[in-house]
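Reviewing the structure listed below.
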Amino acid sequence: MVQALRAGALDALISRYPARWPQTPGQPLRYEKRLDAGFAVIAPAGHALARARCVDWQRLAQAPWIMPVASAMLRRLIDDAFRRAGLPAPIIGSNCPSTNIRLVAAGLGLGAVPQVLMRAALAAGQVARVRAAPGIRPGPVVLICREAAEQPARGHAA
């Protein structure tokens, strides 16, 4: 999608803030932070950790986890939470939040998902929220667009 943005096929993208975007000479991109997205730890419905009032990362590290690839923002936030607690992250890879919810619901491990996706899974009784302490730091969501000088004219005569 970034290639389509650079080529002028898209006007802008709404995305999680990238750790690094490859820059193309002569095609700079502008990033405007719009909000901080919240994330939540989830467990299968009825899981003991979901019933706990507060769960520390030491206890969370004892369970298997289903998480996205290392380059994903959510994975970096979870890795950071474990690192702050002085622990290695126990990870099973999956790169799709909706797949993560299904794998967690099936009892394969804990996961972390954007709060907006978690709400529907909670309502359906598929998963339960784990009250991790400290919580996962929010991640920035940005508007990405080409610099004004790079914007092609759209239907306007000079």
Side-chain angles (χ1 to χ4, degrees), residues 1-7 9-24 29-145:
M1 293 186 66
V2 173
Q3 290 171 330
L5 175 64
R6 287 184 174 135
L10 296 175
D11 292 326
L13 295 173
I14 300 288
S15 178
R16 295 179 190 115
Y17 193 80
R20 59 188 175 274
W21 282 102
Q23 289 292 334
T24 303
L29 299 177
R30 184 178 70 219
Y31 301 88
E32 296 177 18
K33 182 178 174 184
R34 294 297 187 189
L35 61 102
D36 283 318
F39 297 94
V41 176
I42 58 173
H47 193 281
L49 291 178
R51 292 190 300 271
R53 291 181 66 144
C54 185
V55 181
D56 66 18
W57 288 92
Q58 181 75 36
R59 193 164 166 202
L60 291 171
Q62 297 171 15
W65 278 73
I66 301 161
M67 291 294 298
V69 295
S71 61
M73 180 179 71
L74 177 56
R75 172 72 178 269
R76 291 190 311 271
L77 293 170
I78 290 294
D79 287 348
D80 179 59
F82 278 107
R83 192 172 23 262
R84 285 184 288 134
L87 302 165
I91 303 296
I92 298 171
S94 169
N95 199 30
C96 176
S98 60
T99 299
N100 290 356
I101 291 170
R102 288 193 298 274
L103 293 173
V104 169
L108 297 178
L110 303 179
V113 295
Q115 289 178 354
V116 295
L117 292 178
M118 179 198 60
R119 289 181 188 120
L122 284 174
Q126 298 173 307
V127 299
R129 183 174 190 158
V130 176
R131 288 168 286 292
I136 302 168
R137 292 180 179 171
V141 174
V142 296
L143 171 69
I144 307 168
C145 56

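Sequence neighbours left out, the pairs with a member in residues 36-54 that pass side-chain hydrogen bond (donor to acceptor under 3.5 Å, both in side chains) are K33-D36. The list of side-chain hydrogen bond (donor to acceptor under 3.5 Å, both in side chains) pairs with a residue in residues 110-119, not counting sequence neighbours, is empty.
Looking at residues two or more places apart in sequence or on another chain, you find a side-chain contact (heavy atoms from CB on, under 4.5 Å) between A132 and V41, W57, L60. The side-chain hydrogen bond (donor to acceptor under 3.5 Å, both in side chains) check on R131 picks up nothing, with sequence neighbours excluded. Scored by the side-chain contact (heavy atoms from CB on, under 4.5 Å) test, A105 finds Q126, V127 as partners (sequence neighbours excluded). Applying the side-chain contact (heavy atoms from CB on, under 4.5 Å) test to A12 and every residue at least two apart in sequence or in another chain returns L143, C145. Residues that satisfy the salt bridge (charged side-chain N to carboxylate O under 4.0 Å, His left out) test with R129, not counting sequence neighbours, are absent from this structure. Shown here are the salt bridge (charged side-chain N to carboxylate O under 4.0 Å, His left out) partners of R84, two or more places apart in sequence or in another chain: D80. In terms of the side-chain contact (heavy atoms from CB on, under 4.5 Å) criterion, residue partners of A52 (sequence neighbours excluded) are, by chain and number, V55, R59. Checked against salt bridge (charged side-chain N to carboxylate O under 4.0 Å, His left out), R102 has no partners two or more places apart in sequence or in another chain.
When all heavy atoms of L110 and A43 are compared, the pair lying nearest together is CD2-CB, 3.5 Å. Nearest heavy-atom pair across A61 and P88 is CB-O, 4.5 Å. Between A45 and G125, the shortest heavy-atom distance links the atoms CB-O, 3.3 Å.
Atom CE of M67 sits about 8.5 Å away from atom CG of L77, to the nearest 0.5 Å. Distance check, rounded to the nearest 0.5 Å: CD1 of I66 to CD1 of I101 gives 11.0 Å. To the nearest 0.5 angstrom, L122 atom CG is 11.0 Å from L117 atom CG. Atom CZ in R83 sits 10.5 Å away from atom CZ in R76 (nearest 0.5 Å). Atom CG of L74 sits about 9.5 Å away from atom CG of D79, to the nearest 0.5 Å. For the atom pair CG (D56) and CG (L87), the distance works out to 8.5 Å, reported to the nearest 0.5 Å.
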